[in-house]
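Counting from 1, the numbers follow the sequence of the chain as shown.
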Amino acid sequence: MELRKHNPTRWREHELLLVTIYCLLGIVGSWWKIFEFTGPELRERWAWGFTEHHAHFDFFINVLLPQTGLLVVIYLFYFWMNLYILPRLVQTDAPVPGSFRLAFSLRGRIDISGSSGETLKRLIWGVMNTILLILLLGVVWAIVIYYRQPYEFSEMGWTPMANKVLGLGWKRSAELVLLYIGYGFIRELSIRRLIADPKRNAFRIQLANQIGTYVLIYFSLGCVLYFFNIVDDYTFYCVFFGFGPTVLLAGLMNIYWLFPMKGEGSFFRRPILRRLLVSTFLWSIPAPFFIAEESHELPQAVLSVWVGLLLVVTPITWLIFRLRKDKILQLRGLQEALGQSEADLQFLRNQINPHFLFNVLNTLYGTALQEQASRTAGGIQQLGDMMRFMLHENNQDRIPMSKEVEYLKNYIALQQLRTDSSPSIRIETSIDDALPDGMIAPMLLIPFVENAFKHGISLREPSWINIRLNGEGKRVLFEIRNSVHAKKGDDPEKEKSGIGLKNVLHRLNLLYPGKHAFFMNQDDREFFVQLMIEPYI
């Protein structure tokens with residue numbers, strides 16, 4: 001699996017363990033059949049097609065090797081998918097459009113650069129690997145199809161036979177790979193949303209890990225029953241693998257999500273009833289594909305499963321919830337209290353009480369004017385405006401966008417006072433005057449600028465900072481680029497990510513879910529941050 005930083009969720013680990021168990025049980029179970037059945041029984045169970053077509057049958061060549069070989073190849077391709085393809089296709093931290101450079105050389109070379117360019121190259125690389133995986137897996141699957149049923153193609157010529165077998169193999173391969181990519185998107189987006197704030201999502205992470213454990217045990221049991229022929233009934237496995245997970249997952253969603261949300265109100269309140277109808281309907285869609293024998297039976301099967309989830313599963317899970325209600329609500333209550341406590345503590349740590357400093361600045365400003373130090377007086381006035389912002393505006397939930405921009409300009413101007421005397425330091429700003437006239441949470445933009453000045457300026461090396469703030473309809477695009485300088489080994493700031501950077505990302509996830517896009521990238525030369533946000537209009 002892909003190596004990542006510490007991840008409190010065990011979704012990928014459970015999935016890897018389940019796939020490994022399936023592969024091992026499939027191989028062992030295939031060899032077990034040799035000892036379980038005698039020669040005539042083997043032929044009667046697997047050779048009926050060969051017998052009808054008067055074709056030679058060999059259990060090793062026509063059953064054992066194709067079946068075990070396909071399992072091993074799919075297992076290896078599973079690692080290929082998770083190590084190389086999904087990390088490039090699933091890029092939730094990709095930048096919004098804006099930073100992209102495309103150049104053509106006289107020799108026909110195409111150069112794609114910039115932050116969006118790097119993302120595009122990763123995406124192209126992922127798509128090419130996906131196509132290659134489908135082609136290779138399709139060839140292996142075609143070989144398996146041929147050896148499992150060679151009599152179906154014996155009367156064809158070589159070219160028609162190859163076209164048909166490869167077509168079937170590529171069709172099944174594409175279906176499997178694309179289905180898994182869709183699932184992979186859901187998995188990665190869910191995991192990243194959970195681990196974005198592990199403390200606030202501790203309950204959800206615990207729930208996801210419990211569900212993963214239940215699913216692992218359930219499907220492992222089904223694999224044992226199937227591969228060792230403990231239950232020899234096709235209908236049983238259709239229900240076990242198709243309907244069983246639907247009931248399990250729909251029930252867990254009711255117990256841990258829908259019912260706690262209901263509170264003491266009635267089921268027939270519109271929001272609760274709507275969520276119940278939608279969630280049960282969505283869970284009823286996959287199962288009929290395992291149960292229905294004909295495609296025209298799917299709508300009726302979906303309706304039947306939906307009614308079963310509403311009239312049978314919902315009452316049973318309600319009784320289970322009532323029995324465990326105190327424990328479930330206690331865990332959710334502790335989760336919410338923990339999140340609120342962390343937010344309050346972080347806010348207190350970041351609070352600055354500027355009363356004393358503000359009074360001192362007024363005195364210094366008057367002194368500077370008396371001594372005719374206009375440049376110093378201007379800097380003190382800008383700092384005073386910033387302190388006034390901290391005193392009055394920073395305690396509000398939302399402020400006008402113009403106030404945030406004014407504070408940003410004052411901070412940049414103060415920083416330029418100390419850098420103007422250094423010709424090797426270049427500060428460029430482009431702040432649009434036509435920004436959306438809306439409200440925004442205070443102190444969202446300034447931490448990125450503070451980080452740029454703290455880590456991007458060196459008094460010994462050429463340095464530069466480029467700040468851009470533009471309006472695009474109802475959205476605001478904020479970009480910062482700054483030079484990168486190697487830190488010394490004994491520098492205490494070497495491992496730190498910046499002033500308030502972690503806190504502001506946490507605030508973005510809480511205050512603007514689904515209404516912001518953030519991208520950060522660093523190489524040996526440049527550190528780049530890009531934020532697209534929709535202020536409150």
Distance (rounded to the nearest 0.5 Å) between [X] [atom1] and [Y] [atom2]:
| X | Y | atom1 | atom2 | answer |
| --- | --- | --- | --- | --- |
| His56 | Ile61 | NE2 | CD1 | 6.5 Å |
| Asn451 | Ile446 | CG | CD1 | 11.0 Å |
| Gln530 | Asn521 | CD | CG | 10.5 Å |
| Ile143 | Leu65 | CD1 | CG | 12.5 Å |
| Cys223 | Tyr218 | SG | OH | 11.5 Å |
| Ile533 | Leu477 | CD1 | CG | 11.5 Å |

I want to check something: taking the side chain as every heavy atom from C-beta on, are [X] and [Y] in contact at a cut-off of under 4.5 Å?
| X | Y | result |
| --- | --- | --- |
| Tyr78 | Cys23 | no |
| Met401 | Leu445 | yes |
| Tyr146 | Pro66 | no |
| Leu505 | Leu508 | yes |
| Met532 | Glu472 | yes |
| Phe241 | Phe219 | yes |
| Thr68 | Trp31 | yes |
| Thr51 | Phe57 | no |

Give me the atom names and distance for the closest heavy-atom approach of [X] to [Y].
| X | Y | result |
| --- | --- | --- |
| Ser173 | Leu133 | OG-O, 4.2 Å |
| Ile255 | Ile320 | CD1-CG2, 3.8 Å |
| Asn209 | His14 | O-CE1, 3.3 Å |
| Met253 | Ser279 | SD-CB, 3.9 Å |
| Ile399 | Glu404 | CD1-OE1, 3.6 Å |
| Leu511 | Ala441 | CD1-CB, 3.6 Å |

(message) Using modelled atom types and a 3.5 Å cut-off, is there a donor and acceptor pairing between side-chain atoms of Thr280 and backbone atoms of Trp306?
(response)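 Looks like no, no N/O pair under 3.5 Å.
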(request) Using atom types as modelled and distance alone, determine if a side-chain donor or acceptor of Trp170 lies under 3.5 Å from a backbone N or O of Leu135. (result)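 Present.
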(request) Could you tell me whether Arg187 and Glu15 have a side-chain N and a carboxylate O separated by less than 4.0 Å? (result)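 The answer is yes: the pair qualifies as a salt bridge.
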Is it true that, when you exclude [X] itself, more than 12 heavy atoms of the residues, nucleotides or ligands shown sit nearer than 6.0 Å to its [atom1]?
| X | atom1 | answer |
| --- | --- | --- |
| Phe77 | CZ | yes |
| Tyr147 | OH | no |
| Tyr75 | OH | yes |
| Tyr226 | OH | no |
| Phe281 | CZ | no |

(message) Suppose we call two aromatic rings close when their centres sit under 6.0 Å apart. Are Tyr22 and Phe227 close by that rule?
(response)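 That pair passes the under 6.0 Å test.
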(message) Whether the Asn82 and Tyr180 side chains hold a donor-acceptor pair (N or O, under 3.5 Å, no angle test) is what I'd like checked.
(response)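 Checked: Asn82/Tyr180 side chains pair up, N/O donor to acceptor below 3.5 Å.
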(request) Give the intermediate values and the outcome of side-chain contact (heavy atoms from CB on, under 4.5 Å) for residues Asn129 and Met81. (result) CA-CA 9 Å; Asn129 269 263; Met81 174 68 70; over 6 Å; no
(request) Quickly, which of Phe448, Tyr512, Phe528 forms a ring-ring contact (aromatic ring centres under 6.0 Å, His included) with Phe518? Name it, please. (result)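 By the ring-ring contact (aromatic ring centres under 6.0 Å, His included) criterion, Phe518 pairs with just one of Phe448, Tyr512, Phe528: Phe448.
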(request) Please work out whether the ring planes of Phe259 and Phe321 are parallel, tilted or perpendicular, with thresholds of 30° and 60°. (result)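 Phe259 vs Phe321 ring planes: tilted.
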(request) List the steps, then state whether side-chain contact (heavy atoms from CB on, under 4.5 Å) holds for Leu444 with Phe478. (result) CA-CA 11 Å; Leu444 274 182; Phe478 185 53; over 6 Å; no
(request) Kindly indicate, with the supporting measurements, whether the criterion side-chain contact (heavy atoms from CB on, under 4.5 Å) is fulfilled by Val224 and Ile21. (result) CA-CA 9 Å; Val224 171; Ile21 290 174; over 6 Å; no
(request) Please lay out, stage by stage, how Trp141 and Leu168 fare under the test side-chain contact (heavy atoms from CB on, under 4.5 Å). (result) CA-CA 8 Å; Trp141 216 315; Leu168 291 173; over 6 Å; no
